[in-house]
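Position 1 is the first residue of the sequence, and the numbers go up from there. A quick note: this is a predicted structure, and the numbers were derived from the prediction, not measured.
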Amino acid sequence: MAAQSVATSAAPGSDTTGSVDLGPATGLSCRECGTRFELGPIFACVECFGPLEVAYELPAGDPEALRAAIEAGPNNIWRYAPLLPVPADVASKPSLNPGFTKLVDARNLAKELGVTGKLYVKDDSGNPTHSFKDRVVAIAVEAARAFGYTTLSCSSTGNLAGAVGAAAARAGFRSCVFIPHDLEQGKVVMAGVYGGDLVGIEGNYDDVNRFCSELIGDPLGEGWGFVNVNLRPYYGEGSKTLAYEICEQLGWQLPDQLVIPIASGSQLTKIDKGLQELIKLGLVEDKPYKIFGAQAEGCSPVSTAFKAGHDVVRPQKPNTIAKSLAIGNPADGPYVLDIARRTGGFVEDVNDEQVVEAIRILAQTEGIFAETAGGVTVGVTKKLIENGVLDPSLTTVVLNTGDGLKTLEAVSGTGQTATIRPSLDAFRAAGLA
């Protein structure tokens, strides 16, 4: 086993000997060269600097028995504990217990977009802090507990800051999170209300992330678990639960097509990983599926590379209302390209005007108020159908990853239809009768 010489900001008393209890997780594996490491707060391979991800000894045996055990579990992500890097008793620990959000049969949206097959919206705005980030943070909290950390931290475009603040408050950690200084006010308030330290950094998300990388290697960061840096291998696994839930909610079937927003790209890559695990375990029947990535035009490094046929994702300076996706140098960008090409999918982008239009379409057809990231996925879905890239006759799942109340600025022109005196005559005169 390779030595762990990567700087880790290890916590006092943290255990990196392989004896920590993270359930079926057996170690970490480099995604590039395959080098194995013991479980610990590390995120980069010392051999090739590739990213690390969790390796497992997944349950073996009767798929029907595993399905039954999952279905008998709690109505949150802990029903999938045997497939996650968490201890078996995780459901008994203080947690926000995210997950098992609605899979909406979006018939009205399907009609609006010209979809003749089944169209679903996986609406993750129903999580405790109203975004999918509660899933990934819940897994990171268990790793932080295992490694003896006392402070939870992150670099964030907004949703993650709120999720870390809330999870830390519930689990008894101190929190200190870092955000770009010009985030949407709704996200700032939600991140700060939980009582932890919220620090604005002058610059964009990539500037914030660089700062956190410096802090993690400094004595000031001792005892800190950065959920999306030194705990990133564990944190990322939370996105697999989206794949698990979608397939279970479809009657243990794979969808034909998925449209997934891209920020760092980790969510998309982990959903694919989750689908592959379900196939390997025999929980779903193996069949082809296509994964489509969605970006905002003002921050579209992955879609730019995909359309140009490149394998390298060149960084961009973000300029979009979809701030939760505004990561100009996405860590998992190259892996997103691989998955889109392997599955026969595509990576597309839409401009800010199309994002706002899509937010309104989703709200007015299905009663779902999406944040700008959801506007990106719905807008890209619309564009892919119009361009003949996405097959409207197949079963398609579109992800909405957050609540529109966090990005009210995007639809600020929305308001009262009319202001009238309290009389029937005034109502008639307004032409509303």
Side-chain angles (χ1 to χ4, degrees), residues 67 70-71 73-77 79-80 98-128 130-132 134-135 239-261 267-268 271-272 274-275 278-279 283-285 287-294 343 345 348 350 355 357-386 389-405:
R67 275 197 209 100
I70 289 171
E71 291 170 354
N75 288 328
N76 54 55
I77 62 172
R79 68 198 285 117
Y80 307 110
F100 223 68
T101 53
K102 293 179 180 179
L103 184 69
V104 178
D105 186 353
R107 299 179 185 182
N108 297 329
L109 179 62
K111 184 177 180 181
E112 176 71 22
L113 299 183
V115 172
T116 56
K118 297 292 290 185
L119 178 65
Y120 297 92
V121 175
K122 181 58 172 171
D123 185 14
D124 244 25
S125 66
N127 276 310
H130 308 288
S131 92
F132 90 95
D134 291 320
R135 298 174 182 272
S239 288
K240 295 193 309 182
T241 60
L242 280 161
Y244 300 157
E245 287 178 22
I246 288 168
C247 291
E248 183 180 353
Q249 290 168 324
L250 289 175
W252 293 106
Q253 294 183 6
L254 292 166
D256 298 313
Q257 303 171 136
L258 298 101
V259 186
I260 304 169
Q267 183 187 69
L268 187 149
I271 287 175
D272 179 66
L275 297 176
L278 293 179
I279 293 169
L283 293 175
V284 298
E285 183 180 349
K287 71 171 188 178
Y289 61 85
K290 294 183 179 182
I291 290 183
F292 298 86
T343 65
E348 186 56 274
V350 286
V355 171
E357 177 194 20
I359 291 172
R360 295 185 189 279
I361 289 173
L362 182 59
Q364 293 167 15
T365 57
E366 300 298 341
I368 297 172
F369 184 18
E371 71 158 294
T372 48
V376 169
T377 52
V378 173
V380 162
T381 302
K382 181 175 184 289
K383 187 173 181 179
L384 291 171
I385 293 170
E386 292 171 347
V389 178
L390 188 145
D391 189 338
S393 70
L394 300 179
T395 297
T396 304
V397 177
V398 177
L399 269 66
N400 173 45
T401 53
D403 195 315
L405 291 173

Chemist: Taking all non-hydrogen atoms of both residues into account, name the closest pair between N75 and F100 and its distance.
Modeler: O-CB, 3.6 Å
Chemist: Run the side-chain contact (heavy atoms from CB on, under 4.5 Å) check on L254 and I279 step by step: do they pass?
Modeler: CA-CA 9 Å; L254 292 166; I279 293 169; 3.9 Å; yes
Chemist: Using a strict 4.0 Å threshold on nitrogen-to-oxygen distance, state whether E386 and K382 make a salt bridge.
Modeler: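 Salt bridge between E386 and K382, a charged N being under 4.0 Å from a carboxylate O: yes.
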Chemist: At their closest point, which heavy atom of R67 faces which heavy atom of V284, and how far apart are they?
Modeler: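 Heavy-atom minimum between the residues: NH2-N, 4.5 Å.
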Chemist: Does the pair I70 and Y244 meet the rule for a side-chain contact (heavy atoms from CB on, under 4.5 Å), with working shown?
Modeler: CA-CA 10 Å; I70 289 171; Y244 300 157; over 6 Å; no
Chemist: To the nearest 0.5 Å, tell me how far T365 OG1 sits from N108 CG.
Modeler: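 Output value for this atom pair is 6.0 Å.
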Chemist: Of all heavy-atom pairs between P74 and R79, which one has the smallest distance, and what is that distance?
Modeler: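 Of all heavy-atom pairs spanning P74 and R79, the closest is O-NH1, 3.0 Å.
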Chemist: Output the distance between atom CG (L242) and atom CD1 (I77), rounded to the nearest 0.5 Å.
Modeler: 9.5 Å
Chemist: Count the heavy atoms of every other residue, nucleotide or ligand shown that sit under 6.0 Å from CD of E71, and state whether that count exceeds 12.
Modeler: yes
Chemist: From the options D134, D124, D123, N400, select the one residue that forms a side chain to side chain donor-acceptor pair (under 3.5 Å) with T101.
Modeler: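 Answer to the side chain to side chain donor-acceptor pair (under 3.5 Å) test with T101 among D134, D124, D123, N400: D124.
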Chemist: Which atom names give the shortest non-hydrogen contact between N127 and G99, and what distance separates them?
Modeler: OD1-N, 2.8 Å
Chemist: At their closest point, which heavy atom of P392 faces which heavy atom of G114, and how far apart are they?
Modeler: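 For P392 and G114, the tightest heavy-atom pair comes out as CB-O, 3.5 Å.
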Chemist: Please report the interatomic distance CD(E112) to CG(L119), rounded to the nearest 0.5 Å.
Modeler: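 The CG atom of L119 is 11.5 Å from CD of E112, to the nearest 0.5 Å.
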Chemist: Could you grab the distance from atom CZ of F292 to atom OG1 of T396, nearest 0.5 Å is fine?
Modeler: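 Between atom CZ of F292 and atom OG1 of T396 there are 7.5 Å.
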Chemist: Between the side chain of T343 and the main-chain N/O of I291, is any donor-acceptor distance below 3.5 Å?
Modeler: yes
Chemist: Between K122 (side chain) and V397 (backbone), is there a donor-acceptor pair under 3.5 Å?
Modeler: no
Chemist: Donor-acceptor pair, Q267 side chain versus I260 backbone, under 3.5 Å?
Modeler: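 Between the backbone of I260 and the side chain of Q267 there is no qualifying donor-acceptor contact (under 3.5 Å).
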Chemist: Working to the nearest 0.5 angstrom, can you tell me the gap between E371 CD and H130 NE2?
Modeler: 12.0 Å
Chemist: Do K290 and D391 sit within salt-bridge range, that is, some charged N less than 4.0 Å from a carboxylate O?
Modeler: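 D391 and K290: not salt-bridged.
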Chemist: Any side-chain heavy atom of T401 within less than 4.5 Å of one from S131?
Modeler: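 No, their side chains stay 4.5 Å or more apart.
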Chemist: Going by atom types only, do Y80 and E248 share a side-chain donor-acceptor pair under 3.5 Å?
Modeler: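 Yes, E248 and Y80 have a side-chain donor paired with an acceptor closer than 3.5 Å.
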Chemist: So which heavy atom on V350 is nearest to which on K383, and how close?
Modeler: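 Of all heavy-atom pairs spanning V350 and K383, the closest is CG1-CD, 4.0 Å.
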Chemist: Do the side chains of D256 and K118 get close enough for a salt bridge, i.e. N-O under 4.0 angstrom?
Modeler: no
Chemist: Apply the test side-chain contact (heavy atoms from CB on, under 4.5 Å) to residues D272 and L258: give CA-CA distance (whole Å), side-chain angles for both, the deciding distance (0.1 Å), then the verdict.
Modeler: CA-CA 10 Å; D272 179 66; L258 298 101; over 6 Å; no
Chemist: How long is the straight-line distance from OG1 of T381 back to CD of E348, given to the nearest 0.5 Å?
Modeler: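 E348 atom CD to T381 atom OG1 measures 10.5 Å (nearest 0.5 Å).
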Chemist: What do the steps show when you test I271 against L399 for side-chain contact (heavy atoms from CB on, under 4.5 Å), and what is the final call?
Modeler: CA-CA 11 Å; I271 287 175; L399 269 66; 3.7 Å; yes
Chemist: Taking C-beta and beyond as the side chain, do L275 and Y289 meet within less than 4.5 Å on heavy atoms?
Modeler: yes
Chemist: Report yes if some heavy atom in the side chain of C247 is under 4.5 Å from a heavy atom in the side chain of L283; otherwise report no.
Modeler: no
Chemist: Are any of the side-chain heavy atoms of T395 and Y120 separated by less than 4.5 Å?
Modeler: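 Counting from C-beta outward, T395 and Y120 do come under 4.5 Å.
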